[in-house]
Amino acid sequence: MKVYLDNNATTIVDPHVFAEMEPYFVQRYGNPNSLHLFASETHPALKDAMEKIYAGIHAPKEDSVVITSCATESNNWVLKSIYFEQILTGKKNHIIISEVEHPSVIATAKFIESMGCKVTYLPINHEGIIDAQTVRDTITDKTALVSVMWANNETGAIFPVEEIGEICAEHNVPFHTDAVQAIGKLPVDVQTFNVDYLTFSAHKFHGPKGVGALYIKKGKELIPLLHGGSQMGGYRSGTLNVPGIVGMGKAMEQAVDSLDYEMEDVREMRDTFEDELLKIEDTFVVTPREKRTPNTILISFRGIEGESMLWDLNRAGIGASTGSACASEDLEANSVMEAIGAAEDLAHTAIRFSLSRYTTQEELDYTLDVVRKAVERLRGISSTYSYAPEGHESGLDAH
Ligand SMILES: Cc1ncc(COP(=O)(O)O)c(CN[C@@H](CS)C(=O)O)c1O
């Protein structure tokens with residue numbers, strides 16, 4: 001049996017999405033910017049897809065949604081544009097991000113930090129969540145940008161973007177949120193709170209890899225990251241990825257249509273699965289489930305290296321992760337577990353299960369059986385593990 005439980009890393013392309021994309025690979029394959037019928041026959045689909053994408057985040061027509069290659073590009077673009085326009089010119093000298101942003105934000109922040117920008121890395125609290133007050137405490141009249149993700153990819157923790165948006169508006173500081181883990185899991189409406197830039201990526205909500213986007217509020221224009229053929233109104237050069245945009249549009253439409261299922265049925269499956277996992281001795285989940293996206297569990301099995309657990313899961317045909325896919329190669333502790341101050345023997349034991357609307361109860365039942373056997377096997381061969389009752393020095397409440 002093969003079970004895919006790593007949907008925060010990437011998702012299967014929805015069959016309806018693939019069907020909508022296929023003609024733009026093999027029939028209507030023209031370059032939209034050419035001046036002939038092979039180009040013009042792609043335009044209706046592009047227009048329709050953009051309308052679906054705008055509708056999916058409730059973006060008004062006067063605002064911009066620029067197609068990029070991925071969320072990593074979108075995140076780089078925001079921070080580097082702000083750097084060129086605000087920091088390099090000396091108008092401002094500071095940006096604020098959270099310490100658990102995706103590497104595409106953190107690494108870019110560190111890059112511009114090396115170029116002279118001051119960066120505040122907001123800490124997360126014991127529940128793995130950003131306290132909006134920390135934004136208010138650190139924002140100044142020299143702050144050029146606040147960038148805080150909507151939901152964390154490792155824990156699923158939902159951050160207070162509405163409150164942070166208000167603080168940014170009070171101080172007239174642009175606010176960017178990386179909404180990659182929110183689209184398709186939470187209602188996203190850029191008109192219900194103050195947000196100037198919003199990042200998303202199609203392959204996180206059953207669209208194709210290689211296509212992302214950046215929402216840009218009118219009046220908050222950025223300088224281009226990529227110059228060239230002046231596509232996207234000069235905002236982002238490069239031949240349009242027609243099948244990718246068509247796919248993202250259909251995926252966005254499907255994500256909105258499936259949101260109730262995601263927030264109710266997927267959540268219920270996740271909660272039941274998590275309840276069963278927490279019946280295993282010495283297991284810990286950081287963020288309370290009501291403060292998480294409906295599909296994510298980051299659970300620690302004390303005394304078991306995350307990679308060892310992944311190996312047992314993989315042998316049984318189950319795909320999960322120890323945290324974000326980007327960090328999977330190194331044997332470092334889970335960054336979020338470290339950030340909340342989890343003891344060493346916990347920080348290396350986290351496993352991320354992330355469900356989707358395609359996950360079945362049968363798959364979760366099978367996974368639970370495999371996890372129970374893996375825990376017994378791995379703790380049985382451990383030379384250090386011994387069960388710690390309530391109040392273990394990890395500081396997390398044992399279950
Ligand atoms: C919050 C957030 N922001 C940006 C990205 C990058 O998306 P791309 O379209 O692949 O560039 C991701 C992708 N997170 C994957 C791969 S590292 C994970 O396993 O958690 C993300 O979760």
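Order of appearance sets the numbers: ligands from 1, and atoms from 1 within every ligand. Scope of the values below: all heavy atoms of this structure, side chains included, with no hydrogens, waters or symmetry mates. If you read the sequence from its start, that first residue is 1, and numbering goes on from there.
- Paired with Asn75 under the rule side chain to side chain donor-acceptor pair (under 3.5 Å), one option of Ser104, Ser147, Ser201 passes, and it is Ser104.
- Side-chain contact annotation: Asp14 with Tyr358, donor-acceptor N/O pair under 3.5 Å present.
- Looking at Val211, Asp178, Asp6, it is Asp178 that brings a heavy atom closest to atom 1 (C) of ligand 1.
- Among the atoms of Ser104, none of the N or O lies under 3.5 angstrom from an N or O of ligand 1.
- Scanning Glu73, His203, Arg352 for the heavy atom closest to atom 10 (O) of ligand 1 points to His203.
- Annotation: Ala71 places an N or O atom under 3.5 Å from an N or O atom of ligand 1; distance criterion only.
- Checked by atom type, the side-chain pair Thr199/Asp178 shows no donor-acceptor distance below 3.5 Å.
- Proximity to Ser201 (heavy-atom distance under 4.0 Å) selects the following atoms of ligand 1: 9 (O).
- Atoms of ligand 1 found under 4.0 Å from any heavy atom of Lys204, numbered from 1 in the order shown, are 12 (C), 13 (C), 14 (N), 15 (C), 16 (C).
- No option in Phe200, Phe193, Phe159 other than Phe193 meets the ring pair (Phe, Tyr, Trp, His ring centres under 6.0 Å) test with Trp150.
- A cation-pi arrangement is present between Arg28 and Tyr24, with the terminal nitrogen or guanidinium carbon under 6.0 Å from the aromatic centre and inside a 45° cone about the axis.
- Going from atom CG of Leu5 over to atom CD of Glu363 covers 6.5 Å, rounded to the nearest 0.5 Å.
- Heavy atoms of Met149 found under 4.0 angstrom from ligand 1 belong exclusively to the side chain.
- Counting heavy atoms under 4.0 Å from ligand 1, residue Lys209 does not touch it at all.
- Note that Lys217 lies outside the cation-pi zone of Phe175, set by a 6.0 Å cut-off to the ring centre and a 45° limit from the axis.
- Within the listing of ligand 1, atoms 6 (C), 8 (P), 11 (O) sit less than 4.0 angstrom from a heavy atom of Thr72.
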